[in-house]
Amino acid sequence: MRIGYACIALGTKHSTNRRLLLKHFSEEKFIDTLALNLKDLIEILKYNVKNNVRLFRISSDIVPFGSHDINDVPWAKIFQQELNEIGQYIKANDLRVSMHPGQYTVLNSPKEDVVINAIRDVEYHTAFLDALEVDYTSKIVLHIGGVYGNKKEAMENFIRNFHRLSASAKKRLIIENDERSFNIQEVLSVSNAIHIPVVFDILHHQCNPSMSEEVLEILKEVNATWSSLDGAMKLHYSDAAAGKKLGAHSDFVITNNFKEFYEDVAVYRPDIMLEVKDKDLSALKCIHVMEGTDKKILQQQWAKYKYVVMEKSYRHYKECSSIIRTEKGPLAFYSRIDEALSLPEDQGSYGNTLEHAWSYFKHKATLKEKSSFFNFKKSGDLIKAKKFLRRLAKKYKEEYLLNSYYFLNL
DNA sequence: CACCGTCAAGTCGCA
DNA sequence: TGCGACTTGACGGTG
């Protein structure tokens, strides 16, 4: 069972999502951008390995305009060596990677040009994974698409257009239930027609359930769509975002909910992709709770989280400190952090934490910087004060603050 | 450096 | 028939 996250690593500065605008596209700019993205992909994979994260979704943005008309650059050839190294690293470290074209890639559209673009896009994702030379456990996730007033026809269109894909794409494609249109039973029936695996998204299922079936019954059927060549069944996990539209992904995984889910599904030994805003932070949390970790790692995590927690509640800050000191373990630690993160903004705590963070600079900041900071703070623009602290942290290279999660919510 | 409009895609509901 | 909402991080122009 692997636990992973999608596309963006908040715990490192590396990013595979550099882009260029369509109107600025040139071969040179494209190659420069892709070179940087690939360089950072391997850095993110190394970061993952260091943190025991062995499941990762590679961003579709890795190759800018990877499936666009404008792009006829033979990138797989040009970057053959880099791609090969990345693939070697994935295999050597027993990682599993996947990709997930966006909501605009619609294979079942009644419009032929939309279908052509969708096929082209799936083939781009396939070309990328093929270039890594990773095996067919590395998948490409797609939703069924639109309904167009006739669900049965829409599903038939998906099936028909699936057969237009290349052999490799057919072996990589998997389909997922969505939060609005196609529930898990409908996805399973499409899967039954074309014999490709199904990825079950628990949050989408809660928004768009199929009738009268227990989740564990569904999982049994879903699991049966995965052959040994496909690897372990993949599941998508998110908690519902509180106070937002139904189906919106939560900011972070609620540890206790995840633990219950994990233990329920563990009988199938699936890989679980977290789809939450805080990405790798939640992945590390879940891995620490479910796979265990040592106290040194937890202390490091606490160092990163402490000002985030203090910003919400000084009481939680003290409680977390105590949990770490008395070594009560990852679950006690992270569930208290979840509790703090769930609290509403509190001006008093926010301001108090600004003071704590300011203490890193009080002996080295200039008088002008000091007056700027306290003016922002006095005027009540606490966010501006915090952004100013981030600037100081960069200027004075305060690694402790820079490496913490404190500035992530700006 | 902060700020904010723009980009890129397809579907669907509504006028 | 056409338009806005939906989505989302990053780009790029402005001050």
Side-chain angles (χ1 to χ4, degrees), chain A residues 5-10 12-26 29-30 32-34 36-37 40 44 57-71 99-122 124-125 142-151 153-155 157-158 161 178-182 203-204 207-208 238 241 244-251 275-280 368-369 372-373 375-376 379 381-396 402 407-410:
Chain A
Y5 65 98
C7 305
I8 295 169
L10 299 176
T12 81
K13 288 183 223 46
H14 300 289
S15 161
T16 64
N17 303 305
R18 293 174 195 82
R19 304 165 124 182
L20 44 155
L21 297 185
L22 192 50
K23 61 187 169 193
H24 297 148
F25 188 91
S26 72
K29 280 201 176 104
F30 165 78
D32 291 349
T33 306
L34 177 52
L36 291 171
N37 281 350
D40 273 5
I44 289 173
R57 179 186 302 160
I58 298 170
S59 168
S60 296
D61 289 338
I62 185 99
V63 180
F65 297 103
S67 64
H68 199 284
D69 262 345
I70 200 171
N71 187 356
M99 298 183 86
H100 191 349
Q103 58 185 308
Y104 300 111
T105 300
V106 185
L107 195 58
N108 76 337
S109 175
K111 300 175 197 156
E112 176 62 10
D113 59 331
V114 173
V115 176
I116 287 171
N117 287 339
I119 290 172
R120 200 202 302 253
D121 199 44
V122 172
Y124 145 63
H125 288 83
L142 213 57
H143 294 285
I144 302 300
V147 174
Y148 315 102
N150 185 335
K151 204 172 256 191
E153 254 176 45
M155 288 158 72
N157 279 342
F158 185 94
N161 292 332
D178 67 77
E179 77 279 19
R180 237 180 23 172
S181 304
F182 294 94
L203 180 67
H204 293 165
C207 306
N208 181 20
S238 174
K244 287 196 192 154
K245 231 186 67 176
L246 197 69
H249 291 150
S250 58
D251 291 342
E275 293 189 324
V276 286
K277 292 211 176 63
D278 77 350
K279 307 286 182 183
D280 48 321
K368 203 176 155 205
E369 285 166 346
S372 292
F373 173 71
N375 281 339
F376 289 139
S379 73
D381 199 339
L382 301 186
I383 292 174
K384 214 159 199 162
K386 189 170 173 182
K387 284 181 177 169
F388 189 72
L389 284 183
R390 180 174 63 183
R391 231 164 91 185
L392 292 183
K394 283 180 188 164
K395 177 180 170 188
Y396 294 110
L402 292 173
F407 295 120
L408 288 183
N409 66 349
L410 284 178

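Heavy atoms only: backbone and side chains are in, while hydrogens, waters and symmetry mates are out. Labels below follow one simple rule: chain letters A, B, ... track the order of the sequence lines, proteins then strands, and each chain is numbered from 1.
In this structure, CG of Asn71(A) is placed 13 Å from P of dA9(B), rounded to the nearest angstrom. One can place NE2 of His204(A) at 12 Å from C1' of dT7(C), the figure rounded to the nearest angstrom. Counting to the nearest Å, the P atom of dC4(B) and the CD1 atom of Ile383(A) are 12 Å from each other. As a whole-Å value, the separation of Ile62(A) CD1 from dG9(C) C1' is 15 Å. Between the CG atom of Leu10(A) and the C1' atom of dG9(C) there is a distance of 12 Å, given to the nearest Å. Rounded to whole Å, the distance from CD1 on Ile116(A) to P on dG10(B) is 12 Å. One interatomic measurement links the two molecules: CD1 of Ile58(A) to P of dG9(C), which rounds to 19 Å at whole-angstrom precision. Note: CZ (Phe376(A)) to P (dC1(B)) measures 14 Å, nearest angstrom.
Here the CG-NZ distance, from Leu389(A) to Lys395(A), works out to 13.0 Å after rounding to the nearest 0.5 Å. For the atom pair CG (Asp69(A)) and CG (Asn117(A)), the distance works out to 7.0 Å, reported to the nearest 0.5 Å. Interatomic distance, NZ of Lys387(A) versus CG of Leu410(A), reported as 6.0 Å (0.5 Å rounding). Atom CZ of Arg391(A) is separated from atom CZ of Phe407(A) by 12.5 Å, given to the nearest 0.5 angstrom. The distance from atom NE2 of His68(A) to atom CG of Asp121(A), rounded to the nearest 0.5 Å, is 11.0 Å. Rounding to the nearest 0.5 Å gives a distance of 10.5 Å between CZ of Arg120(A) and CG of Asp113(A).
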Using the 3.5 Å cut-off, write out each protein N or O paired with an N or O of nucleotides 11-15 of chain B and the distance between them.
residue: dT11(B); atom: OP1; partner: Ser109(A); partner atom: OG; Å: 3.1
residue: dT11(B); atom: OP1; partner: Tyr148(A); partner atom: OH; Å: 2.3
residue: dT11(B); atom: OP2; partner: Lys111(A); partner atom: NZ; Å: 3.4
residue: dC12(B); atom: OP1; partner: Val147(A); partner atom: N; Å: 2.8

Enumerate all atom pairs, one protein N or O and one N or O from nucleotides 6-8 of chain B, separated by less than 3.5 Å.
residue: dA8(B); atom: OP1; partner: Leu22(A); partner atom: N; Å: 2.8

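With a 6.0 Å radius and a threshold of 12 heavy atoms from other residues, nucleotides or ligands, Arg180(A) has its CZ atom at or below the threshold.
Nucleotides dC3(C) and dC7(B) are separated by 16 Å at their P atoms, to the nearest Å. On the P atoms, dT6(B) is 13 Å away from dG4(C), given to the nearest whole Å. A distance of about 23 Å separates the P atoms of dG9(C) and dT11(B), rounded to the whole Å. As rounded to the nearest Å, dC3(B) and dC6(C) have C1' atoms that lie 24 Å from one another.
Relative orientation of the Phe25(A) and Phe65(A) rings is perpendicular, given thresholds of 30° and 60° on the angle between their planes.
Considering only side-chain N and O atoms, Lys387(A) lies under 4.0 angstrom from the phosphate OP1 or OP2 of dC3(B). For dG12(C), the OP1/OP2 oxygens have a side-chain nitrogen or oxygen of His24(A) closer than 4.0 Å. At the phosphate of dG10(B), neither OP1 nor OP2 sits under 4.0 Å from any side-chain N or O atom of Thr105(A). Within the 4.0 Å cut-off from OP1 or OP2 of dA9(B), not a single side-chain nitrogen or oxygen of Asn117(A) is found.
When only modelled atom types and interatomic distance are considered, His125(A) and Ser60(A) share a side-chain donor-acceptor pair under 3.5 Å. For Asn17(A) and Ser59(A), the side-chain atoms include at least one donor-acceptor pair closer than 3.5 Å. No side-chain donor from either of Ser15(A) and Asp40(A) sits under 3.5 Å from a side-chain acceptor of the other.
Base-pairing analysis of DNA chain B finds the following stems of at least three consecutive Watson-Crick or G-U pairs, with both pairing distances under 3.5 Å: B:1-8 with C:8-15, B:10-15 with C:1-6.
Evaluated for a side-chain hydrogen bond (donor to acceptor under 3.5 Å, both in side chains) with Arg18(A), the options Asp61(A), Thr33(A), Asn37(A) yield exactly one hit, Asn37(A).
Counting any heavy atom pair closer than 4.0 Å across all strands shown, Asp61(A) reaches no nucleic acid atom.
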